[in-house]
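Input: a single structure, listed below in structure tokens.
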Amino acid sequence: MQVHDFLSEQQLNCIREKVSQGIANIQERLSSEQNTCLSEGVSMPDPTDRATLETERSCGAALRNREEKQLLNLRKVLGRLTHKLDEFGFCEGCGIEIDYDRLIGVPTAVKCLECQRIEEYKKGQMH
Ligand SMILES: [Zn+2]
């Protein structure tokens with residue numbers, strides 16, 4: 001069994017569970033969304049309604065994109081948790097250990113709070 005540098009087996013299992021749950025949630029949302037889209041498409045032949053529908057669909061697409069991105073991130077995290085444990089839990093910015101509290105709250109976090117703050121600050125300046 002792989003042993004993590006600073007997280008206990010129990011903590012790792014909690015994070016794994018949280019990530020798996022997140023993946024299941026998104027997959028469920030994505031599949032139910034798809035069904036709604038299809039049924040809406042058939043029941044609205046009117047051009048005006050279709051225009052509205054297009055707008056709604058593009059909104060839905062943006063949301064879907066975000067969800068799919070999140071899903072990808074979660075899968076990546078789960079892959080790390082399973083196969084590359086030594087790469088999990090360290091900040092990509094400065095390499096320090098990310099707190100368990102932060103990881104369980106945001107399992108996809110790849111940066112420590114400090115680096116995250118700096119990144120957000122930089123992003124804020126670009127706008
Ligand atoms: Zn950092």
Side-chain angles (χ1 to χ4, degrees):
M1 203 200 311
Q2 276 179 293
V3 180
H4 196 264
D5 274 11
F6 66 95
L7 293 166
S8 72
E9 191 56 32
Q10 198 187 356
Q11 286 175 322
L12 286 168
N13 280 337
C14 283
I15 298 172
R16 276 191 197 107
E17 200 171 309
K18 176 129 191 187
V19 172
S20 313
Q21 226 166 45
I23 290 174
N25 282 347
I26 293 178
Q27 275 173 338
E28 199 180 313
R29 267 208 300 278
L30 284 176
S31 62
S32 65
E33 219 175 89
Q34 212 163 25
N35 294 337
T36 334
C37 252
L38 283 176
S39 55
E40 269 175 14
V42 205
S43 62
M44 280 193 194
D46 187 82
T48 336
D49 282 347
R50 200 180 292 157
T52 322
L53 188 69
E54 286 302 312
T55 326
E56 274 170 14
R57 194 177 288 165
S58 58
C59 279
L63 185 76
R64 217 183 145 77
N65 261 334
R66 254 208 314 274
E67 299 256 48
E68 273 166 3
K69 213 170 149 192
Q70 174 74 356
L71 187 64
L72 216 71
N73 280 337
L74 285 168
R75 284 205 177 120
K76 211 155 67 181
V77 170
L78 195 64
R80 272 187 197 174
L81 278 165
T82 316
H83 307 292
K84 295 179 177 173
L85 208 52
D86 51 341
E87 284 179 26
F88 178 78
F90 296 95
C91 173
E92 281 186 355
C94 61
I96 67 155
E97 299 165 2
I98 302 173
D99 288 348
Y100 171 68
D101 284 349
R102 176 161 163 74
L103 289 170
I104 196 73
V106 191
T108 50
V110 288
K111 287 196 167 126
C112 71
L113 273 178
E114 198 57 38
C115 288
Q116 185 75 35
R117 252 204 298 272
I118 294 169
E119 193 183 84
E120 267 158 28
Y121 175 73
K122 279 184 192 158
K123 258 190 218 159
Q125 284 204 322
M126 281 195 292
H127 287 297

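When a ligand or atom number is given, it counts from 1 through the structure's own listing order.
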- Task: State the CG-NZ distance between L81 and K18, to the nearest 0.5 angstrom.
- Result: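 Between L81 CG and K18 NZ, I get 13.0 Å after rounding to 0.5 Å.
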- Message: Assess whether a salt bridge exists between E97 and R102, defined as any Lys/Arg side-chain N lying under 4.0 Å from an Asp/Glu carboxylate O.
- Response: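 Result for this pair is no, no salt bridge flagged.
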- Message: Under a 4.0 Å threshold between the charged nitrogen and the carboxylate oxygen, would R117 count as salt-bridged to E114?
- Response: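 Here E114 pairs with R117 in a salt bridge, since their nearest N and O are under 4.0 Å apart.
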- Message: Hydrophobic clustering (ILVMFWY, side-chain heavy atoms < 4.5 Å, transitive) - are L78 and L30 grouped together?
- Response: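 Yes, L30 and L78 fall within the same hydrophobic cluster.
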- Spell out the protein N/O/S atoms under 2.8 Å from the Zn ion (ligand 1) as residue plus atom name.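 Metal shell, protein only: C91 SG, C94 SG, C112 SG, C115 SG.
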- Message: Checking E17 now: which residues fulfil salt bridge (Lys or Arg N to Asp or Glu O under 4.0 Å) with it, not counting sequence neighbours?
- Response: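 E17: no salt bridge (Lys or Arg N to Asp or Glu O under 4.0 Å) contacts found.
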- Query: Out of Q116, K123, K122, which one pairs with E120 under the side-chain hydrogen bond (donor to acceptor under 3.5 Å, both in side chains) rule?
  - Reply: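 So, applying the side-chain hydrogen bond (donor to acceptor under 3.5 Å, both in side chains) to E120 and each of Q116, K123, K122, only Q116 qualifies.
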